[in-house]
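Lettering of chains follows the sequences in order, A, B, ..., and the numbering in each one begins at 1. Computed from a predicted model, the values in this text were never measured in an experiment.
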Protein chains: 2
Amino acid sequence: MAITIKDVAKLASVAPSTVSRVIANNPRISEKTKVRVREAMVELGYHPNFIARSLASQSTQVIGLVLPNSSDVFFQNPFFSTVLRGLSEGAHEKQYALQMSTGKTEEQIYQDVVNMVQGGRVDGIILLYSRTDDKILKYLRDREFPFVVIGRPYEWEEEITHVDNDNYRASREATEYLINLGHNKISFIGGNKNLVMTMERLQGYQEALKSAGLPIVPDYIRHDEFLLERGQEAIQGLLLLETPPTALLVTDELMAIGVVNTLTKLEVEVPANMSIVSFNNAFFSELARPQLTSIDINIFDLGYQAAKSLIQMLLNPKEPVKRIIVPHQLIERVSCTNVQSIKK
Amino acid sequence: MAITIKDVAKLASVAPSTVSRVIANNPRISEKTKVRVREAMVELGYHPNFIARSLASQSTQVIGLVLPNSSDVFFQNPFFSTVLRGLSEGAHEKQYALQMSTGKTEEQIYQDVVNMVQGGRVDGIILLYSRTDDKILKYLRDREFPFVVIGRPYEWEEEITHVDNDNYRASREATEYLINLGHNKISFIGGNKNLVMTMERLQGYQEALKSAGLPIVPDYIRHDEFLLERGQEAIQGLLLLETPPTALLVTDELMAIGVVNTLTKLEVEVPANMSIVSFNNAFFSELARPQLTSIDINIFDLGYQAAKSLIQMLLNPKEPVKRIIVPHQLIERVSCTNVQSIKK
DNA sequence: CTGAAAGCGCTAACAG
DNA sequence: CTGTTAGCGCTTTCAG
């Protein structure tokens, strides 16, 4: 078919193994023959065959990405493209390629992963989410296959390298920010309950209320998919309460947009009649009217660090387990106001 | 290492080739031995090694995706995630995996492609864009490597299978829609000039004006990156003109959002003082305030059809060249109004 | 410093 | 219907 190592070897009058060593830049080959071999490679337009190399060396230079099973939802969220951009950059630096799972149900994705792993298609895997009772995580762990989790693992946290934000603290700070503005009826609109991230943000919220001596009102706590529509529904429910909240902590941008749009439609002014803090800050918060005060969790870095960590693990099999906490920060915009101004 | 075909063969007391045939479900193998072999596979927990298979069969079941060189911009745009979702679904149906280019400059991406192709990593490639003077497209064509383009190829259109919208017509219709509302000062805010899509949309716009006997005013035509910020700049320039337009055709959603936000800031009301038609309709148009009338180009289908077409080419090497036109439609929302209402 | 040879795990003629 | 035998293109001992 194409030009192989043998062709090069013949032209340079060396053995194929020598050519292989030149490619690997093996120091035991003399400069002279290296030059000669390289010339031959150029002359023939030789390009190494990765598949053959993979088979022989048992490594592919490919990283597998696993999306959550609610991938349809995930795709819509700007979180996805941003984290992917970070992954892409991290992988590119070390010449790794990225391969994605394409399944939609948990079972399909599980099969994707088995194919990637047992089929020898990838050297390592990055889970772009962390949730409870994850069959896939368990599978990877049982096989001791190299992988990294974006988010805090629900189990075996100490044994799994992961990249995460301090979601608990971020959420607590956001809540305290609202409390400091005088709010005492603060609602929590969270995402999928099975995501560890959601659980932690809820805890941070509750802890902040507790510390401030405020009650935790179950009716103020909502959970749903990270979707525009879900945000809309959530806020409608809250407004029907006897004493609706005066402030909202929304743990996802897309939901936040849904919330804001719905409020606008219902002529509840933000921030005059409702303060909002959003999460993620993947540029939707800026885009919303009014622009949303938001916790920036540096999504790009989550991806970038995850890629880098995994590659380090691959390069050095006894690399210690790591936890990388990407910093967050509250970005103040104009969606929050002092509670005084609300009382009419 | 892991369990191989030989282990299975031994346990089932057959030759390795027989096992291979069972995997391929070769009809020439008796049901009896098939069953026996399958039992052995299950008992051992055998899973085929894709890399080995790829090397032997010279096919990988992987599709390479090539993003445009302005990938940072591309990642932000909802076009990306939507088309990727379509690609993912199309690939999954036929058990193909997706691998992405990770380079950022044209040269890096070119290298990614060479690696994918000459390295034997992928069976075919999908270009997620179409632009002028594309080195990568030329490379693929010269090597006669199977590939599909999303968008209309700038050259060799007749020889390259591609999936596209009728951008010319879509744009003409959108412009006519505005003309029918009585507008005669219509501006065109387009994206990157090197994209074929942009060129076609511009032509459609111009043709509509011409047919209606309206002049083509160069000052009304703007081009820029598909970015929020660019949309903002474009509209500011337009408002400074002696006779600003009364209607805008914006060929990208993200830009459209930038335009709307800027107009709001400048207290130019939409649609009262400015009508807007946007493109793509990947749910940003719905999200904007006011909601934007938009040409829905069915981005998901672009991806889905591209994946399906490429796979067909791979399955049947003499599959004829195809052009697939995904239909578009104008979705009326509330960002346009009759020109009468503008005159104060 | 370089060559010969074995083998990574699977497929695909070619026999029988 | 099934086994034997070569590879696919590269890496990697093991010699020398």
Considering all heavy atoms of both residues, which atom of A:Ser130 and which atom of A:Pro153 are nearest to each other, and what is their separation? OG-CA, 3.5 Å

Using 0.5 Å steps for rounding, measure from the CD1 atom of A:Ile3 to the CG atom of A:Leu44. 6.0 Å

Nucleotide [N], atom [atom2] - distance to [atom1] of [X] in whole Å:
{"X": "A:Gln58", "N": "D:dT11", "atom1": "CD", "atom2": "P", "result": "13 Å"}
{"X": "A:Leu55", "N": "D:dC8", "atom1": "CG", "atom2": "P", "result": "13 Å"}
{"X": "A:Ile5", "N": "D:dC10", "atom1": "CD1", "atom2": "P", "result": "5 Å"}
{"X": "A:Asp7", "N": "D:dG9", "atom1": "CG", "atom2": "P", "result": "9 Å"}
{"X": "B:Gln118", "N": "D:dG9", "atom1": "CD", "atom2": "C1'", "result": "14 Å"}
{"X": "A:Arg36", "N": "C:dT2", "atom1": "CZ", "atom2": "C1'", "result": "11 Å"}
{"X": "B:Lys10", "N": "C:dG9", "atom1": "NZ", "atom2": "P", "result": "13 Å"}
{"X": "A:Lys6", "N": "D:dT11", "atom1": "NZ", "atom2": "P", "result": "14 Å"}

What's B:Thr33 touching, base or sugar-phosphate or nothing? Going by heavy atoms closer than 4.0 Å. sugar-phosphate

What does A:Tyr46 touch in the nucleic acid at a heavy-atom separation under 4.0 angstrom: a base, only the sugar-phosphate, or nothing? sugar-phosphate

Tell me whether A:Asp112 contacts the main-chain N or O of A:Thr102 through its side chain, where contact means a donor paired with an acceptor under 3.5 Å. yes

Over 60° means perpendicular and under 30° means parallel, so classify the ring planes of A:Phe300 and A:Tyr304, tilted if in between. parallel

What class does the angle between the rings of B:Tyr139 and B:Tyr110 fall in, given that below 30° is parallel, 30 to 60° is tilted and above 60° is perpendicular? perpendicular

Out of C:dG9, C:dT11, D:dG3, which nucleotide sits closest to the side chain of B:Ala15?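 Among C:dG9, C:dT11, D:dG3, the one nearest the side chain of B:Ala15 is D:dG3.
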
OP1, OP2 of D:dG9 versus side-chain N and O of A:Arg53: anything below 4.0 Å? no

Positive for side-chain contact (heavy atoms from CB on, under 4.5 Å) with B:Val8, one of B:Val19, B:Val14, B:Val42: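 By the side-chain contact (heavy atoms from CB on, under 4.5 Å) criterion, B:Val8 pairs with just one of B:Val19, B:Val14, B:Val42: B:Val19.
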
Heavy atoms within less than 4.0 Å of DNA chain D: which residues of residues 17-31 of chain A have one? Give them sorted by number.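 Close to the strand are A:Ser17, A:Ser20, A:Arg21.
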
Taking the basic N atoms (NZ, or NE/NH1/NH2) and the acidic carboxylate oxygens, is any pair closer than 4.0 Å for A:Arg131 and A:Glu106?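 Answer for the salt bridge query: yes.
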
